[in-house]
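Notes follow the structure.
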Amino acid sequence: MRYIHPVGIHEKFVASGEYPHHHSQWSVHQFPDGAWMMRVDWDKRAIDGTSILIEAWRSPIAEGGTIDRFDMWGFADKNYPIQQVKARYFVVDNTLEISLQIDKQPQLIQSHRFTSDMRLLPDMPLFWGYMTAKSAQTVVSCVFDFASPQAFLPVMTQPIITSLGEETLIIAEKSHFTQHYQIDNRSVWIDTLGIVLAYEQDDVRHVVRNYARRK
């Protein structure tokens, strides 16, 4: 697994795994104050020549347990108009601040109003569980597309979320207690750490692999 910054000596392991359908590996570590660092390596170099690294900071549960910042590095081969991108999204004082550097272009800086019903969430399986925190909300993500004029700029959606109750999943011969949700056209199963253990799209279920978590 690749990362933007290596795991620090003060970070304690929380969980790790892979979403093969999404071509992503990930890990979660905890800081002494209870905040989490969530690292994702979305590696599609062998599929379409692209890859994205993300580091997302989740605040301590006592302070809301929300994603308040993520850093992103993206890379693509010469078949795309964009070959490299670095971006930072962070929330401060009810404002979403964005800095974006695409190839050798001048750095783009944006500020957007960020209200209490909004959630900052990269659109990747590791973060889908955070959509269920409130039934009515706006999710702020970005466009992961190296060929789009809107590449890596913010996009806002309002997902329709339905709770489908509790369910036990068996993964690698281990039982996991989960909450089952329908998020738009996708079903997700989320464990007690808030990790998405499985998701279903187009009647096909995709299950986390090599899942490890602290007790």
Assess whether side chain to side chain contact (heavy atoms under 4.5 Å, CB included) is satisfied between Asp191 and Tyr211, documenting all intermediate values. CA-CA 12 Å; Asp191 75 359; Tyr211 184 43; 2.5 Å; yes
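- Looking only at side-chain heavy atoms (C-beta outward), Ile160 and Ile183 stay at 4.5 Å or farther from each other.
- For Arg119 and Ser141, the side-chain atoms include no donor-acceptor pair closer than 3.5 Å.
- Looking only at atom types and distance, the side chain of Gln137 has no donor-acceptor partner in the side chain of Asp117 under 3.5 Å away.
- Checked by atom type and distance alone, the side chain of Asp33 pairs as donor or acceptor with a backbone atom of Ala35 at under 3.5 Å.
- Taking both residues in full, the closest heavy atoms of Arg39 and Met1 are given as O-CE, 3.3 Å, listed atom of the first, atom of the second, then distance.
- By the criterion of side-chain heavy atoms lying less than 4.5 angstrom apart, applied directly or through intervening Ile, Leu, Val, Met, Phe, Trp or Tyr residues, Leu100 is not grouped with Ile109; the two fall into different hydrophobic clusters.
- Remark: the backbone N or O of Gly8 is paired with a side-chain donor or acceptor of Glu11 at under 3.5 angstrom.
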Before giving the answer on side chain to side chain contact (heavy atoms under 4.5 Å, CB included), spell out for Thr132 and Ile161 the whole-Å C-alpha distance, their side-chain angles and the decisive distance to 0.1 Å. CA-CA 7 Å; Thr132 66; Ile161 301 167; 4.3 Å; yes
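- Interatomic distance, NE2 of His21 versus CZ of Arg209, reported as 11.5 Å (0.5 Å rounding).
- Nearest heavy-atom pair, Trp42 versus Arg2, reported as atom, atom and distance to 0.1 Å: O-NH2, 4.2 Å.
- If you take NE2 on His112 and CD1 on Ile98, they are separated by 4.0 Å, rounding to the nearest 0.5 Å.
- For Thr157 (side chain) and Pro159 (main-chain N/O), no donor-acceptor pair under 3.5 Å exists by modelled atom type.
- Ile171 places a side-chain heavy atom less than 4.5 Å from the side chain of Val207.
- Counting only N and O atoms by type, the side chains of Glu55 and His5 include a donor and acceptor under 3.5 Å apart.
- Residues Leu169 and Leu126 fall within the same hydrophobic cluster, defined by Ile, Leu, Val, Met, Phe, Trp and Tyr side chains chained together at heavy-atom separations under 4.5 Å.
- Taking every heavy atom of both residues into account, Phe70 and Pro122 meet most closely at CD2-CG, 3.7 Å.
- In the model, Thr178 has no side-chain atom that pairs as donor or acceptor with a side-chain atom of Glu167 under 3.5 Å.
- Separation of the Tyr199 and His22 ring centroids does not fall under the 6.0 Å cut-off.
- For the residue pair Tyr80 and Asp48, the shortest heavy atom distance occurs at OH-O, 3.0 Å.
- Between Asp71 and Tyr89, the side chains place no donor N or O within less than 3.5 Å of an acceptor N or O (distance only, hydrogens not considered).
- At a threshold of 4.5 Å between non-hydrogen side-chain atoms, the residues Leu120 and Leu96 count as touching.
- Met37 and Met72 fall into different hydrophobic clusters, where Ile, Leu, Val, Met, Phe, Trp and Tyr residues are linked whenever their side-chain heavy atoms come under 4.5 Å apart, directly or through other members.
- By the 4.5 Å heavy-atom criterion applied to side chains, Leu121 and Met131 are counted as neighbours.
- Here the side chains of Trp73 and Ile52 are not in contact, with every heavy-atom distance at 4.5 Å or above.
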Carefully, step by step, assess Val14 and Arg213 under the rule side chain to side chain contact (heavy atoms under 4.5 Å, CB included). CA-CA 6 Å; Val14 176; Arg213 56 171 284 175; over 6 Å; no
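- Scanning all heavy atoms of the two residues, the minimum distance from Ile190 to Gly129 falls at CD1-CA, 3.5 Å.
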Before giving the answer on side chain to side chain contact (heavy atoms under 4.5 Å, CB included), spell out for Phe90 and Asp68 the whole-Å C-alpha distance, their side-chain angles and the decisive distance to 0.1 Å. CA-CA 6 Å; Phe90 62 97; Asp68 290 335; over 6 Å; no
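- The closest side-chain heavy-atom distance from Thr50 to Phe75 is not below 4.5 Å.
- With values rounded to the nearest 0.5 angstrom, Ile195 atom CD1 is found 9.0 Å from Phe127 atom CZ.
- Using a cut-off of 4.0 Å between Lys/Arg side-chain N and Asp/Glu carboxylate O, Arg186 and Asp184 are scored as not salt-bridged.
- Between Phe146 and Phe152, the distance from one ring center to the other falls under 6.0 angstrom.
- Between the side chain of Asp43 and the backbone N or O of Arg45, at least one donor-acceptor pair lies under 3.5 Å.
- Cluster membership for Tyr19 and Ile47, using ILVMFWY side-chain heavy atoms within less than 4.5 angstrom, is not shared.
- Of all the heavy atoms in Gln110 and Leu108, the pair that sits closest is NE2-CD2, 3.9 Å.
- A cation-pi contact, defined as under 6.0 Å to the ring centre and within 45° of the axis, links Arg205 to Trp189.
- Side-chain contact check for Asp93 and Thr95: no donor-acceptor pair (N or O, by modelled atom type) lies under 3.5 Å.
- Remark: Ile82 CD1 to Gln105 CD distance equals 7.0 Å, nearest 0.5 Å.
- The backbone N or O of Gly65 lies less than 3.5 Å from a partner atom in the side chain of Ser59, making a donor-acceptor pair.
- Within 6.0 Å of CZ in Arg214 there are more than 12 heavy atoms belonging to other residues, nucleotides or ligands.
- At distances below 3.5 Å, not a single donor-acceptor pair connects side-chain atoms of Asn79 with backbone N or O atoms of Gly49.
- No close placement of the Trp128 and Tyr181 rings is indicated, their centers lying 6.0 Å or farther apart.
- Once rounded to the nearest 0.5 Å, the distance linking CG of Leu164 with NE2 of His180 reads 4.5 Å.
- The distance from atom OG of Ser99 to atom CZ of Arg88, rounded to the nearest 0.5 Å, is 6.5 Å.
- Residues Leu53 and Asp41 have side chains in contact (heavy-atom distance under 4.5 Å, counting atoms from C-beta outward).
- Leu193 and Val28 fall within the same hydrophobic cluster, defined by Ile, Leu, Val, Met, Phe, Trp and Tyr side-chain heavy atoms under 4.5 Å apart, directly or through other members.
- Counting only heavy atoms from C-beta outward, the side chains of Ser51 and Lys44 never approach each other to under 4.5 Å.
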